S.K.: 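Below are the structure tokens for one structure; questions will follow.
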2 protein chains.
Amino acid sequence: MLPATLHDIARKSGLSVSTVSRILNKKSAKYRISEATEKLVQKTARELNYRPNQLARGLRLKRTHTIGLVAPDLSNPFFASIMKSAQVVAHGLGYSLIVCDTDENVQMEVEHVNLLYSKGVDGMIVLPVGQKNSHLGFFVEHAVPLVLVDRVFNDLTANTVLIDNYGGAREAVEFLISRGHSRIAIIQGLPSTYTSNERLRGYTDALSHHNIPVDESLILGKDFRKQNGYIETKFLLRRSERPTAIFTTSDLITLGALEAIFEEGLEVPTDISVIAFDEVESADFFRCPITVIAQPKETIGEIAVKLLIEQIRSPKKLDPRQIVLKPHLIVRESVARVDVHSAADLAAVP
Amino acid sequence: MLPATLHDIARKSGLSVSTVSRILNKKSAKYRISEATEKLVQKTARELNYRPNQLARGLRLKRTHTIGLVAPDLSNPFFASIMKSAQVVAHGLGYSLIVCDTDENVQMEVEHVNLLYSKGVDGMIVLPVGQKNSHLGFFVEHAVPLVLVDRVFNDLTANTVLIDNYGGAREAVEFLISRGHSRIAIIQGLPSTYTSNERLRGYTDALSHHNIPVDESLILGKDFRKQNGYIETKFLLRRSERPTAIFTTSDLITLGALEAIFEEGLEVPTDISVIAFDEVESADFFRCPITVIAQPKETIGEIAVKLLIEQIRSPKKLDPRQIVLKPHLIVRESVARVDVHSAADLAAVP
DNA sequence: TATAATAGCGCAAACGTTTGTGCGCATTTG
DNA sequence: CAAATGCGCACAAACGTTTGCGCTATTATA
């Protein structure tokens with residue numbers, strides 16, 4: 001049996017479609033519909049189990065109350081948390097969420113973003129892969145409400161919410177330095193990505209600020225995945241002069257690095273210290289709880305949605321805003337205190 | 001500037017809307033459209049950056065190429081993984097995914113499911129909260145393609161994909177027994193839920209099968225959350241006669257239980273053994289890597305989508321199918337071997 | 001040369017809504 | 001008692017597609 005339409009209700013109650021529509025949209029007053037007909041319509045609507053066809057509605061109104069979210073990897077707890085909070089907030093404000101996973105692939109991102117536009121979303125939240133942005137330019141030009149999150153482009157004047165990657169990275173590295181470390185490796189994510197650049201800049205600035213020369217051979221990494229952390233760490237540990245600490249710039253990289261460390265029979269922080277960007281899930285239960293720079297994941301999702309819906313609801317286009325969130329250091333046990341005067345390649349006991 | 005429509009292309013190329021539509025839908029042959037006009041239309045479509053309005057399309061065709069997925073908690077890695085694989089498979093088959101988070105709340109579930117139906121999804125995948133099903137009955141009656149996952153109802157003849165909860169639980173408990181345990185506690189999830197019932201049944205059957213009496217005071221728990229695991233374990237550890245092992249029936253419960261154990265200054269498996277249902281994220285890096293019954297998460301998502309789309313594409317309604325996936329034991333280090341003859345409340349060294 | 005066939009395309013209805021406008025009727029007013 | 005007012009609702013267009021049917025030229029057939 002097909003879903004009941006306005007027409008069905010109209011026929012059954014002997015009225016016209018327009019009257020039924022107005023009543024169901026609570027406009028009886030404005031169009032002075034009698035109380036009797038109002039009751040009647042509501043009753044028949046209930047009897048027929050009427051649900052408005054949102055496609056038709058969207059077509060007519062040019063609003064679908066649906067927003068899109070596209071992210072690089074939805075199984076990653078970081079993105080999953082953002083998505084969950086986005087979903088909850090959006091639903092609270094009357095919007096559904098279509099989610100897309102680009103698998104860190106720009107081409108996929110293009111595809112998804114266009115498809116979302118086709119489906120008539122009222123706006124979208126994009127956590128871009130981050131190497132290319134022309135496909136997004138189209139939407140800002142055509143005034144499609146858009147919020148960029150996490151990996152931003154300086155050349156695109158869209159709404160953005162991001163965390164202070166530079167500050168976070170710098171805090172991490174300065175924490176290591178304060179514990180006596182100076183031979184510090186960094187395993188970065190996808191290079192030439194805003195996020196990666198900023199974290200790298202925080203790393204080098206922290207070193208320079210403390211008059212520690214930047215050793216190019218300690219700058220490693222090529223993407224945000226686990227495998228990357230594993231491989232780079234594996235090589236790193238085989239070097240003659242091992243660093244005393246590693247700064248891993250994503251949760252997945254951290255996991256890969258730990259796997260390599262344990263595989264080599266080493267322990268954290270006795271043999272090597274680790275500090276990570278991104279909270280790692282269940283870090284408290286780890287063999288060695290990891291000290292991290294945690295991002296406020298839930299807040300990111302929530303703010304992104306609110307920013308987007310503000311845009312959607314505003315009659316005139318608002319000036320794009322940039323919201324920067326501060327990450328915060330969570331000190332656990334993965335960073336050892338190192339004797340400043342000991343050989344740089346020997347990690348001291350805490 | 002508004003998006004270009006068929007009408008715009010028609011006007012610009014001096015043709016009719018219908019012709020344009022047919023060409024863009026690759027029906028030129030069927031309607032014998034000349035090659036010249038075909039080229040022309042494709043050119044102008046490209047120039048105007050035409051994207052079909054999927055709302056109008058959906059309205060006309062009664063198919064939106066969108067499916068819904070509703071789950072109890074999208075930030076939980078278990079559901080996040082299912083969702084990710086579902087998204088990827090769906091997109092590969094030409095479908096978008098609208099996701100909804102019910103937060104383990106039946107009322108939310110009702111709301112979401114209805115909204116999805118309103119939005120004209122071609123079908124939905126529901127991971128129900130599990131205490132009530134009347135709102136889903138409507139859809140099976142009205143032949144809306146539907147796939148139920150994980151927490152199923154025996155009284156609803158819909159497509160389902162689920163894992164063998166009974167078998168998994170039984171395997172877990174028998175593993176404990178084989179290691180000498182007999183005082184085994186279980187912390188279950190939401191009672192009167194199919195999943196919970198089956199896991200409990202596996203627990204009791206395993207015990208009975210080995211002539212171990214079932215002690216009602218060792219059956220605990222009221223929902224799948226972390227807090228539940230924490231509280232129940234906290235109480236459990238204060239008992240005079242402590243069990244030698246705990247069977248935690250979800251990943252979150254496990255995390256809560258571990259927190260309680262460590263807080264009490266105890267160690268796994270020296271002081272108490274733990275075996276868990278659900279893989280726990282990064283278990284390999286834990287202070288004590290947890291032995292688990294792992295569910296094939298990605299497979300679940302993939303199968304659910306394929307089952308659903310099979311339904312959607314089939315001209316006549318297919319008989320509902322039930323697909324049961326086997327979970328598998330991953331032995332790590334959280335279960336100690338216990339001397340069968342020792343006092344039951346003393347855990348022996350491995 | 002008249003008729004039939006075919007190629008190439010347009011007309012218009014339909015999908016289910018929303019909403020500006022207008023129509024018939026009853027009531028009030030002068 | 002006629003005109004004016006207001007009440008309660010219906011008509012119809014529009015949103016952007018898809019598709020069955022039919023129309024007009026041109027070409028093939030008799």
Side-chain angles (χ1 to χ4, degrees), chain A residues 1-42 44-45 48-66 115 117-122, chain B residues 1-42 44-45 48-66 115 117-122:
Chain A
M1 202 179 66
L2 279 86
T5 71
L6 284 186
H7 189 250
D8 297 328
I9 302 180
R11 205 153 28 89
K12 184 154 183 202
S13 54
L15 291 163
S16 81
V17 174
S18 34
T19 304
V20 175
S21 168
R22 292 196 248 253
I23 292 175
L24 264 24
N25 284 305
K26 313 205 184 309
K27 305 208 172 148
S28 323
K30 184 177 172 192
Y31 288 93
R32 18 166 226 224
I33 308 230
S34 77
E35 206 166 317
T37 33
E38 180 163 358
K39 296 276 181 237
L40 173 63
V41 166
Q42 281 167 346
T44 25
L48 295 179
N49 202 351
Y50 172 74
R51 268 103 145 191
N53 181 324
Q54 302 290 352
L55 288 177
R57 211 146 192 277
L59 185 60
R60 178 69 231 250
L61 262 17
K62 294 182 174 306
R63 294 177 298 122
T64 56
H65 282 266
T66 304
L115 187 58
Y117 184 58
S118 263
K119 297 229 164 169
V121 294
D122 292 345
Chain B
M1 202 181 65
L2 279 84
T5 72
L6 285 185
H7 189 249
D8 296 329
I9 302 179
R11 205 154 27 90
K12 183 156 183 201
S13 53
L15 291 163
S16 80
V17 174
S18 30
T19 304
V20 176
S21 168
R22 293 196 248 252
I23 292 174
L24 264 24
N25 284 305
K26 312 204 185 312
K27 305 211 173 148
S28 322
K30 184 177 172 191
Y31 288 92
R32 19 169 224 222
I33 307 228
S34 77
E35 207 165 318
T37 33
E38 180 163 357
K39 295 274 182 239
L40 174 62
V41 165
Q42 279 166 347
T44 28
L48 295 179
N49 202 351
Y50 172 74
R51 267 104 143 191
N53 180 324
Q54 301 290 353
L55 288 177
R57 211 144 192 277
L59 185 59
R60 179 68 230 251
L61 262 17
K62 294 182 173 306
R63 294 176 298 121
T64 56
H65 282 266
T66 305
L115 187 58
Y117 184 59
S118 261
K119 297 229 164 167
V121 294
D122 293 344

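Just so we're on the same page: letters track the sequence lines, and every chain starts at 1. In this text the structure is predicted, and so the values were computed from the model without any measurement.
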S.K.: Any chance you could measure B:Lys119, atom NZ, to B:Thr64, atom OG1, to the nearest 0.5 Å?
M.R.: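 The OG1 atom of B:Thr64 is 11.5 Å from NZ of B:Lys119, to the nearest 0.5 Å.
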S.K.: Could you check whether A:Leu55 gets within reach of a base, just the sugar-phosphate, or nothing at all, counting any heavy atom under 4.0 Å?
M.R.: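 No contact at all - A:Leu55 keeps every heavy atom at 4.0 Å or more from the nucleic acid.
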S.K.: Return whichever of B:Ser18 or A:Leu6 has its heavy-atom-nearest nucleotide of DNA chain C closer to the 5' end.
M.R.: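 Its nearest nucleotide lies further toward 5', so the answer is B:Ser18.
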S.K.: With no hydrogens and no angle check, is any side-chain donor or acceptor of A:Ser13 less than 3.5 Å from a backbone partner on A:Leu40?
M.R.: no
S.K.: How many Å lie between NZ on A:Lys27 and P on D:dG8, as a whole number?
M.R.: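 Nearest whole value for this atom pair: 19 Å.
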S.K.: Ignoring backbone atoms, establish whether B:Tyr31 has a side-chain N or O less than 4.0 Å from OP1 or OP2 of D:dG22.
M.R.: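 Checking D:dG22 against B:Tyr31, no side-chain N or O comes under 4.0 Å of OP1 or OP2.
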S.K.: I want to verify a distance call: between C:dC9, D:dT17, C:dT17, whose nearest atom is closest to the B:Val17 side chain?
M.R.: D:dT17
S.K.: Indicate whether OP1 or OP2 belonging to D:dG16 is found under 4.0 Å from a side-chain N or O atom of B:Thr5.
M.R.: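 No.
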S.K.: What is the distance, to the nearest angstrom, from the CZ atom on A:Arg32 to the C1' atom on C:dC25?
M.R.: 13 Å
S.K.: From the options D:dT17, D:dA10, C:dG10, select the nucleotide whose nearest atom is closest to the side chain of A:Leu15.
M.R.: D:dA10
S.K.: Atom CG of B:Leu24 to atom P of D:dG16: distance rounded to whole Å?
M.R.: 16 Å
S.K.: Any donor-acceptor pair under 3.5 Å between the side chain of B:Arg22 and the base of C:dG10?
M.R.: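 In this structure, the two groups form a donor-acceptor pair.
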S.K.: Considering only heavy atoms from C-beta outward, does the side chain of B:Arg57 approach that of B:Asn25 to under 4.5 Å?
M.R.: yes
S.K.: Over how many whole Å does the gap from B:His7 atom NE2 to C:dC11 atom C1' extend?
M.R.: 13 Å
S.K.: Starting at atom CG of A:Leu40, determine the distance to atom P of D:dG8, rounded to an integer number of angstrom.
M.R.: 15 Å
S.K.: Between B:Ala56 and B:Thr19, which residue's closest nucleotide on DNA chain C lies nearer the 5′ terminus?
M.R.: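 Upstream on the strand: B:Thr19.
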S.K.: Which part of the nucleic acid, if any, lies within reach of B:Arg57 when heavy atoms closer than 4.0 Å are counted: base, sugar-phosphate only, or nothing?
M.R.: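 Sugar-phosphate: the residue B:Arg57, judged by heavy atoms under 4.0 Å, touches backbone atoms but no base.
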S.K.: In whole Å, what is the span from the CD atom of B:Gln54 to the P atom of D:dT17?
M.R.: 9 Å
S.K.: Calculate the interatomic distance between B:Arg63 atom CZ and D:dG16 atom P; express it in whole Å.
M.R.: 21 Å
S.K.: Using heavy atoms to find the nearest nucleotide of DNA chain D for A:Ser34 and A:Lys62 separately, return the residue whose nucleotide is more 5′.
M.R.: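 By nearest-heavy-atom nucleotide position, the 5'-most residue is A:Ser34.
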S.K.: Looking at CG of B:Leu15 and CG of B:Leu6, how far apart are the two atoms once the value is rounded to the nearest 0.5 Å?
M.R.: 12.0 Å
S.K.: I need the A:Ile9 CD1 to A:Leu48 CG distance, nearest 0.5 Å.
M.R.: 6.0 Å
S.K.: What is the distance from CD of A:Glu35 to P of D:dC9, rounded to the nearest Å?
M.R.: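 The answer, rounded to whole Å, is 12 Å.
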S.K.: Counting side-chain heavy atoms from C-beta on, which of D:dC7, D:dG16, C:dT17 comes nearest to B:Leu59?
M.R.: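 Of the candidates, D:dG16 comes closest.
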S.K.: When we call it a touch if two heavy atoms are under 4.0 Å apart, what does A:Gly14 touch: a base, just sugar-phosphate, or nothing?
M.R.: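 Sugar-phosphate, no base atom in range.
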